[in-house]
Amino acid sequence: MTDITVLLPDGSERKLHEGATVSDLALDVGEGLAKAALIGEVNGEEVDLSVVLSDGATVNIVTSDSDKGLETLRHSTAHVLAQAVLEIYPGATFAIGPPIEHGFYYDFAIPDGATLSDETLEDIEEKMKEIIAADQAFIRGEASVQEALEIFVDHPYKCEIIQAADSSEIDAAEVISFYRNGTGFVDLCRGPHVPSTGKLQHFKLMNVAGAYWRGDEKNPMLQRIYGTAWANKKQLKDHLFRLEEAAKRDHRKLANELDLLSFPSELGGGLAVWHPKGSQVRKLMEDYSRERHESGGYKFVYTPHLANAELFHTSGHLDFYSEGMYPPMEMDNGEYYLKPMNCPMHCLIYRAGTKSYRDLPLRLFELGTVYRYERAGTLHGLMRIRGFTQDDAHIFTSEEGLAEEIAGLLEFVVSVLKAFGFEEFSFNLSTRDPEKSVGDDQIWEHATSALEEALNAHGLPFQMKLGDAAFYGPKIDIDVSDAIGRSWQLSTIQLDFNLPERFDLRYIDSSGERKRPVMIHRALMGSIERFFGVLVEHYAGAFPAWLTPIQVAVLPVANGHEEYAKDVLGKLEGEGFRCEFYRADNPLGKRIRDVKTQKIPYVLVVGGDDVSNGSVGVNARGSEVERGVPLTAFIERLRTEVDTRQ
RNA sequence: GCCGGGUUAGCUCAGUUGGCAGAGCACUUCUCUUGUAAAGAAGAUGUCGUCGGUUCGAUUCCGACACCCGGCUCCA
């Protein structure tokens, strides 16, 4: 028997008997590794542990510690899900079941168009546990296209995949691979898989949902089951815990609990009314935005909510986006539409007088409320809404001035977002899709490189999104990470060569020539409503002192302290702080609990000591109670906190 | 728009195999007067999402619609 030599990732070599598998190698390295091994990576290719190694191969043993291992684990769990569903529902057929972030899903068609519901998940989960307890081996097989079509003769979706693979040039030569486990289950699969179902212990089925076959709404709708799967019990538990924590931050729940806003059904879907507390926060957000725009050289404008159809013909919205617009209102002299965007009206403002190069860049800003007809099933709290307000600006600049304007904009955007407690940003640069765009190549190239240079000049790393631009110009999108690491796309800076053309916008340059300005659409918060929702989730409802609807709650210990407490209240209100008074009709502990549930940052408790000393007891959110703090000291402290937006 | 689930008091939810509904919290009043996360008592509160149908009778069964939730699709 001859030996072979394989190379490990750390550079070391290992001698094995000829015919040794990846599994044998893992065992040779150590029993622990052999037990943890899920798949191998041989010369960069992911393979089953049962694969026989060849001399000189570079081999990496993949465990669930790595992303690849976890992905395999999830993929294999998806197979077990399919196996369970096919066993429980005779005649059911299955489509695709890939690993996804945190888990996996699998799509099924249940006979006679039957559907699955959440209650059935428990039964399916039980069946999966049986399959896992049986520790069935995943056995790979290979077949020709013809053979594969015979194996999956009862499963039309699988056949469609096989035929698609056969017809695509890349995969034409490839054999069709499949995996068997247990007595009857076989699934079309590229692999690799974990060696046996016993490796798949820590999973949970999450929910069922409809999903179109191949993601196309023209195709039949399948039943999709989502699940999560992890390397160990702790990881699974932690994941479920994180989901619970995220649910606690849900802006729809907090908006209700904190009395910020509501979505009365009589109003219609996707439309909100803002209660006083939510409005207070929103007003502060808007005030801050206005303040920054004012000092940033923007001109404030106002435009109506309605416009004649003619405007949206000129802008092209009726040609391109009419499906997303509310239907027209018939009026005496024609049709009127609710505006889905502010830009056409801002173009009218630009066009209202002859512009000189000296007027550029002209920055028009509006908190403009727009209405978009979002499909009923897509509405989602404040995140997807039908009537919303954009912190919208349109900047008209010369082509030469573009780079500088973009550079300034990037700085502006980041600086404003930082005030709302966001620290991590990521940038995406979307480029032209030649199939779906207007304008000549040179301008696109120039504009795209202006965006790229601006990002580079600020040392901002960015991702290129090829072909992701709007039809009218390239753009930079800015994502922020929130307090629990979720990413939200907020800001956008989009160049537009189309609207200046459609509205025939001009300026006179220094040599007296008429030129076309470039238009930049940009929004920082994007939709104020959505941004508010993101903030609620980011802060978990505990707004910082400058933004919170109520900054201070004043609680007398007993009735006898009420007069002094009112005095404290009056002084705080005199300083412009937003306060609420809680008279001593309930035990102190109860009142403290009430205000804490409302996430009010400062609770001032005043009793006998304070009356004699002119002090307050300060119970600040997230810190220890302080007694005997001079009122003036507290005022100063809150003033600083508010002014610096801590 | 599509698939599945849902809608009962201000909030969170229980309930009725068809006979006009209930808890906790909140609210009102009274008592207690409190030093840091739930004092006690009493009281009031509902077109059981809307409209139609079946029925002697519908909150309950059926249908349509509205709105919400989880996804799919879409997102200028």
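These figures come from a predicted structure and were not determined experimentally. Per chain, numbering begins at 1; letters A, B, ... match sequence-line order.
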Spell out yes or no: do the side chain of Y212(A) and the base of rG1(B) have one donor N/O and one acceptor N/O closer than 3.5 Å?
yes

On a whole-Å scale, what distance lies between the P atoms belonging to rA23(B) and rA44(B)?
12 Å

I need the OH-C1' distance between Y373(A) and rG1(B), as an integer number of Å.
8 Å

Lys/Arg-Asp/Glu bridge criterion (N-O < 4.0 Å) met for R224(A), D107(A)
yes

Look at D250(A) together with R252(A) and state whether they make a salt bridge at an N to O cut-off of under 4.0 Å.
yes

Across the strands shown, which category fits F471(A) at heavy-atom distances under 4.0 angstrom: base, sugar-phosphate, nothing?
nothing

Which nucleotide wins on minimum distance to the side chain of A211(A), given the candidates rA38(B), rC72(B), rA76(B)?
rC72(B)

Under a 4.0 Å threshold between the charged nitrogen and the carboxylate oxygen, would K253(A) count as salt-bridged to E257(A)?
yes

Give the rounded distance in Å between these two atoms: CG of L604(A) and P of rU36(B).
16 Å

With a 6.0 Å cut-off on ring centres, are F104(A) and Y106(A) close enough?
no

Using 4.0 Å as the upper bound for N to carboxylate O, is an ion pair formed by E374(A) and R386(A)?
no

Using a 4.0 Å heavy-atom cut-off across all strands, classify G270(A) as base, sugar-phosphate, or nothing.
sugar-phosphate

Sugar-phosphate only, base, or nothing, as touched by G617(A) at under 4.0 Å among non-hydrogen atoms:
base

Just to be sure I understand the rule, does F312(A) reach a base, reach only the sugar-phosphate, or reach nothing, if contact means heavy atoms closer than 4.0 Å?
nothing

Measure from the side-chain heavy atoms of M221(A) and tell me the nearest of rU12(B), rG1(B), rC3(B).
rC3(B)

Going by modelled atom types, is there a donor-acceptor pair between the base of rC3(B) and the side chain of R224(A) at under 3.5 Å?
no

Between C1' of rG5(B) and CG of L205(A), the distance in whole Å
17 Å

For rC74(B), does the base pair up with any side-chain atom of R384(A) as donor and acceptor (N or O, under 3.5 Å, distance only)?
yes

Base paired to rA44(B) (Watson-Crick or G-U; both N/O distances under 3.5 angstrom):
none

Using atom CZ of F108(A) as one end and atom C1' of rG71(B) as the other, report the distance to the nearest whole Å.
15 Å

Please report the distance separating the C1' of rU47(B) from the corresponding atom of rA58(B), rounded so that it comes out in whole Å.
13 Å

I'd like the P distance from rC27(B) over to rG10(B), given in whole Å.
14 Å

Between R372(A) and A209(A), which residue's closest nucleotide on RNA chain B lies nearer the 5′ terminus?
A209(A)

Rounding to an integer number of angstrom, what distance separates rU12(B) and rC74(B) when you compare their C1' atoms?
34 Å

Touch check for E374(A), heavy atoms < 4.0 angstrom, all strands: base, sugar-phosphate only, or nothing?
nothing

Measure from the side chain of N207(A), starting at C-beta and using heavy atoms only, and say which of rU33(B), rG70(B), rA39(B) lies closest.
rG70(B)

Round to a whole Å and report the spacing from CD1 of I110(A) to P of rG4(B).
12 Å

Span that lies between the C1' atom of rG57(B) and that of rA41(B), in whole angstrom:
40 Å

Now, which nucleotide makes the Watson-Crick or G-U wobble pair with rG19(B), with each of the two distances under 3.5 Å?
rC56(B)

Looking only at rU12(B), rG1(B), rA37(B), the nucleotide nearest the T378(A) side chain is rG1(B)

Can you tell which of rA76(B), rC67(B), rU12(B) lies closest to the side chain of N256(A)?
rU12(B)

Taking the P atom of each, how far is rU60(B) from rU55(B), in whole Å?
16 Å

For the P atoms, the ones on rU29(B) and on rC13(B), what distance do you get once it is rounded to whole angstrom?
29 Å

Do D610(A) side-chain and rG35(B) base share a donor-acceptor contact under 3.5 Å?
yes

Counting just side-chain N and O atoms, does Y226(A) come under 4.0 Å of either OP1 or OP2 of rC72(B)?
yes

Dump the intermediate steps for ring pair (Phe, Tyr, Trp, His ring centres under 6.0 Å) on H346(A) and F396(A), then the final yes or no.
CA-CA 10 Å; H346(A) 290 189; F396(A) 301 88; 8.1 Å; no

Short N-O contact, R637(A) and E626(A), less than 4.0 angstrom:
yes

In Watson-Crick or G-U wobble terms, with both distances under 3.5 Å, the base opposite rA66(B) is rU7(B)

Please walk me through it: do Y602(A) and F634(A) pass ring pair (Phe, Tyr, Trp, His ring centres under 6.0 Å)?
CA-CA 10 Å; Y602(A) 286 100; F634(A) 173 73; 5.2 Å; yes

Out of rG35(B), rG71(B), rA76(B), whichever nucleotide has its closest atom nearest the side chain of L588(A)
rG35(B)

Regarding L116(A), tell me which of base, sugar-phosphate or nothing describes its non-hydrogen contacts under 4.0 Å with the strands shown.
sugar-phosphate

So, the side chain of N613(A) versus the backbone of D609(A): is there a donor-acceptor pair under 3.5 Å, distance only?
yes

With nearest nucleotide decided by heavy atoms, which residue, K596(A) or P340(A), maps closer to the 5′ end of RNA chain B?
K596(A)

What about the rings of H521(A) and Y472(A), do their centers lie closer together than 6.0 Å?
yes

Which listed nucleotide (rU73(B), rU36(B), rG70(B)) is nearest to the side chain of R252(A)?
rG70(B)

Distance check, C1' atoms only: rU8(B) and rG71(B), in whole angstrom units.
27 Å

rA39(B) - base-pair partner by Watson-Crick or wobble geometry, distances under 3.5 Å
rU31(B)

The side chain of A376(A) lies closest to which of these nucleotides: rG1(B), rA76(B), rG70(B)?
rG1(B)

What's the closest nucleotide to the side chain of N586(A) if the choices are rG35(B), rA39(B), rA76(B)?
rA39(B)

Ignoring backbone atoms, establish whether H380(A) has a side-chain N or O less than 4.0 Å from OP1 or OP2 of rG70(B).
yes

Is it the case that the base of rU34(B) and the side chain of R591(A) share a donor-acceptor contact (distance under 3.5 Å, atom types as modelled)?
no

What contact category does Q223(A) fall into here, base, sugar-phosphate, or nothing, at under 4.0 angstrom with non-hydrogen atoms?
sugar-phosphate

Once you round it to whole Å, what is the distance between C1' of rA76(B) and CD of Q489(A)?
13 Å

Base-pairing assignment for rC74(B) (Watson-Crick or G-U wobble, both under 3.5 Å)
none

Calculate the interatomic distance between Y564(A) atom OH and rU34(B) atom P; express it in whole Å.
18 Å

Just compare rA76(B), rU36(B), rA38(B) and give me whichever is closest to any side-chain atom of H317(A).
rA76(B)

Describe the nucleic acid contact of G377(A) in one word from base, sugar-phosphate, nothing, applying a heavy-atom distance below 4.0 Å.
base

